[in-house]
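Written below as structure tokens is the structure these notes are about.
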Amino acid sequence: MLSTVTVFPAKPITAITTIENPKTLILQQCKTSKDLNQIHAHLIKTRLIHNRAVTENLLESTAILLPNTMDYALSIFDNIGKPDSSAYNVMIRGLTYKQSPHEAIILFKKMLETSVEPDEFTFPCVLKACSRLRALSEGEQVHAHILKCGFGSVEFVENTLIHMYANCGRVEVARRVFDGMSERGVVAWNSMFSGYMRSGCWEEVVKLFHRMRELGVGFDEVTMISVLTSCGRLADLELGEWINGYIEANGIKKSLALMTSLVDMYAKCGEVDTARRLFDQMDQRDVVAWSAMISGFCQANRCREALDLFNEMQKYNVDPNEVTMVSVLNACAVLGALETGKWVHFYIKKRKLKLTVTLGTALIDFYAKCGSVDSSIEIFSKMASKNVFTWTALIQGLASNGQGKRALEFFYLMQEKNFEPNDVTFIGALAACSHAGLVDEGQSLFVSMSKDFDIEPRIEHYGCMVDILGRAGLIEEAYQFIKNMPIQPNAVIWRTLLASCKAHKNVKIGEESFRRITILEPAHSGDYILLSNIYASVGRCEDALKVRRQMREERIKKTPGCSLIELDGVVHEFFSEDDGHAHLKEIYGGVEDMMKHIKSAGYVPNPADARLDAEEDDKEASVSHHSEKLAIAYGLIRTPPGTTIRISKNLRVCTDCHNATKIISKNKRGHRIL
DNA sequence: GTAGGGTTAG
């Protein structure tokens, strides 16, 4: 029988009887359950199974070695007449990691019921099970047992208690355990850091690290990883660089995790290029490292580079996971890269990635931002677990796609399902009211927010109210609302009102809004255009021109308009008067053709949308070189007739491009542009 | 037997 074993027979199995520590032999040489089976059979045959030490070694081997199953270990355990605490410990540990922490706790109860005294090794295992289940009340009961058994001052036990309380959301209790320790090793500090990180208390990590240094406690790699991660979240570049310097000065080994946390720290502190340099220097990069760099580009608003990096990652044959996909979807949402995002969705299904709350929420957000709200709703209904983020993403998505009423239905539904809306949810709900023209409902939501939900309105909420009133044409009310705000209105608030004044042709309050903006910050080019258009809309052309002239004289910088088109999964970026594209000639030729075509179909160029410094006779050429027209022309060149062309852009589309697009969409080539 | 890197809504 033994001759069939290929991995085992280096030594005859009878060696077990003579070797001092049979566990070492078993652990080192067994690779599969078949190997263990043979040893088990041998032990029965030689009656060694009745030797407790041998059996417990076998138990430990089966509990730890065999992946994903505790069945074998359980069958051995059940045959031990009176298992002692170490047998229980092995089982509790194995169950916690491999099967179910719940069963681990049940076994611990059984241990107590059968009067087997837990030892100091039992408690870290049980506490770990409680941590995994976030079972606070069980954890507290275990804590009581710990005190009763007199293990309250065992360092390992205290460390695990810190972890358990922090993981169950009671970081302040964890801190009490930490403060009560007579001896604090580096693991205690690190457990506390991780506890704060889990609760998002990044400042506390940094504070505690400073305390650690004051006390002269030595720290290690694990400490640095936690602190670097916190530096990233706090944008504390100074401390992050200090740690980097420490690593260099002390020749600390640059492990994968340490390097990743450095990359993450630099990226989150706005030093993406530094992060990229470090990333390129890494001799190995796993999925976490790639994900950190990809998300770094997303957060720096360099989403195109994020997608490029995602493609590169695949060339290196690193499989993306749920976390990677969240960032990738985020990039797709920003870029309007519908096809790439759909591919990601398909990949998630094909590779059976877990639709976690975070990933599902990212998908909802992605589809909504690409205008496919129906897909958002579909994902939402398929998600097994949801949280406030999920509901908020959907509500926001519906609201921004003009489905205000439907957004509000979900807003009330979430409360029926016992999810409490937070401040961001209310921003979504108020935006829904504003798009649906529901003034009364918006006002009562605003009141209810602080009265029933104890949420202090922030400037964003006031902004929503101004928008609700302004859009409904209640300009005077909106103005009074701003005047009565308990917090200082910012430029965004006045800008919102200015936009309403343009829609409802209110010169007086429009002028006032503009004046307020200029007091608070240098006005944007869009503000000048709005004011100019307000004058023009009531026939005050002289004043309209004056504003434009003023804008030119003050050399107001314009945010460059940028349009994106995705073709075969690649995002192409265009700027107005773009001269950086590889197919320049072809594109400008395409634009000329396109303009000729639509002119014959009734398009009239709108010189008001031309660049301000364009000469009179150049105005038509100027509008024809807007980034969206370049992107559309490129799309027409690159795709067969009948293909849907989707353009995303950073600014609101101008009137001229809007008109042009309408006509292009009806064009006989059959292209549609969304 | 205890601690560690990347992710979601404005």
Side-chain angles (χ1 to χ4, degrees), chain A residues 86 89-90 92-93 96-97 119-128 131 154-164 166-167 185-195 197-198 219-230 232 255-265 267-268 285-296 298-299 320-330 333 356-366 368-369 386-397 399-400 421-431 458-461 463-464:
Chain A
S86 31
N89 294 348
V90 164
I92 290 171
R93 187 154 73 100
T96 304
Y97 286 97
D119 59 27
E120 59 178 284
F121 298 104
T122 313
F123 290 111
C125 302
V126 189
L127 286 172
K128 190 84 191 182
S131 290
V154 176
E155 204 180 325
F156 268 100
V157 175
E158 291 175 301
N159 292 343
T160 325
L161 271 173
I162 293 174
H163 183 258
M164 184 277 292
N167 207 40
V186 70
V187 176
W189 289 87
N190 290 343
S191 304
M192 205 55 236
F193 289 134
S194 103
M197 297 219 296
R198 201 163 291 113
F219 55 88
D220 65 5
E221 188 198 343
V222 180
T223 319
M224 289 190 277
I225 291 169
S226 296
V227 177
L228 283 170
T229 308
S230 307
S255 72
L256 182 56
L258 187 58
M259 282 300 279
T260 306
S261 58
L262 272 171
V263 166
D264 178 59
M265 181 277 294
K268 289 208 171 68
R285 294 173 225 144
D286 64 359
V287 62
V288 181
W290 283 96
S291 305
M293 196 61 242
I294 291 171
S295 92
C298 287
Q299 280 157 2
N321 65 12
E322 291 85 354
V323 179
T324 324
M325 290 317 200
V326 171
S327 291
V328 173
L329 283 169
N330 189 293
T356 57
V357 179
T358 312
L359 184 57
T361 305
L363 270 171
I364 290 172
D365 185 55
F366 156 73
K369 290 215 171 93
K386 306 177 176 88
N387 64 13
V388 195
F389 281 76
T390 320
W391 286 90
T392 305
L394 184 68
I395 290 165
Q396 188 66 49
S400 59
N422 65 19
D423 51 342
V424 184
T425 320
F426 270 97
I427 293 176
L430 291 171
R458 283 186 287 119
I459 193 91
E460 289 88 346
H461 299 100
C464 288

Checking only heavy atoms, does the side chain of [X] share a donor-acceptor pair with the base of [N] at less than 3.5 Å?
| X | N | result |
| --- | --- | --- |
| D220(A) | dG4(B) | no |
| D286(A) | dG5(B) | yes |
| T260(A) | dG5(B) | yes |

Residues D365(A), L394(A); criterion side-chain contact (heavy atoms from CB on, under 4.5 Å); working and verdict: CA-CA 7 Å; D365(A) 185 55; L394(A) 184 68; over 6 Å; no

Excluding sequence neighbours, so at least two apart, what forms ring-ring contact (aromatic ring centres under 6.0 Å, His included) with F389(A)?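 For F389(A) there are no ring-ring contact (aromatic ring centres under 6.0 Å, His included) partners, ignoring immediate neighbours.
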
Any side-chain donor near an acceptor of the partner, N387(A) and T390(A), under 3.5 Å: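 Yes, T390(A) and N387(A) have a side-chain donor paired with an acceptor closer than 3.5 Å.
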
Can you tell me if S86(A) and N89(A) form a side-chain donor-acceptor pair at under 3.5 Å?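 Short answer, no.
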
Out of [options], which has the shortest distance to the side chain of [X]?
| X | options | answer |
| --- | --- | --- |
| T324(A) | dT2(B), dG6(B), dG4(B) | dG6(B) |
| V187(A) | dA3(B), dG6(B), dT7(B) | dA3(B) |
| V222(A) | dG4(B), dG1(B), dT8(B) | dG4(B) |
| N159(A) | dG1(B), dT2(B), dG6(B) | dT2(B) |

For a quick check of understanding: with a heavy-atom distance under 4.0 Å over all strands, which category does E120(A) fall into, base, sugar-phosphate or nothing?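 Answer is base: heavy atoms of E120(A) come under 4.0 Å of a base.
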
Could you give the CZ-to-C1' distance, from F426(A) to dA9(B), as a whole number of Å?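 Computing the F426(A):CZ to dA9(B):C1' distance gives 15 Å.
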
Distance below 4.0 Å between N321(A) side-chain N/O and dT7(B) OP1 or OP2: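 Indeed not, no polar side-chain atom of N321(A) lies that close.
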
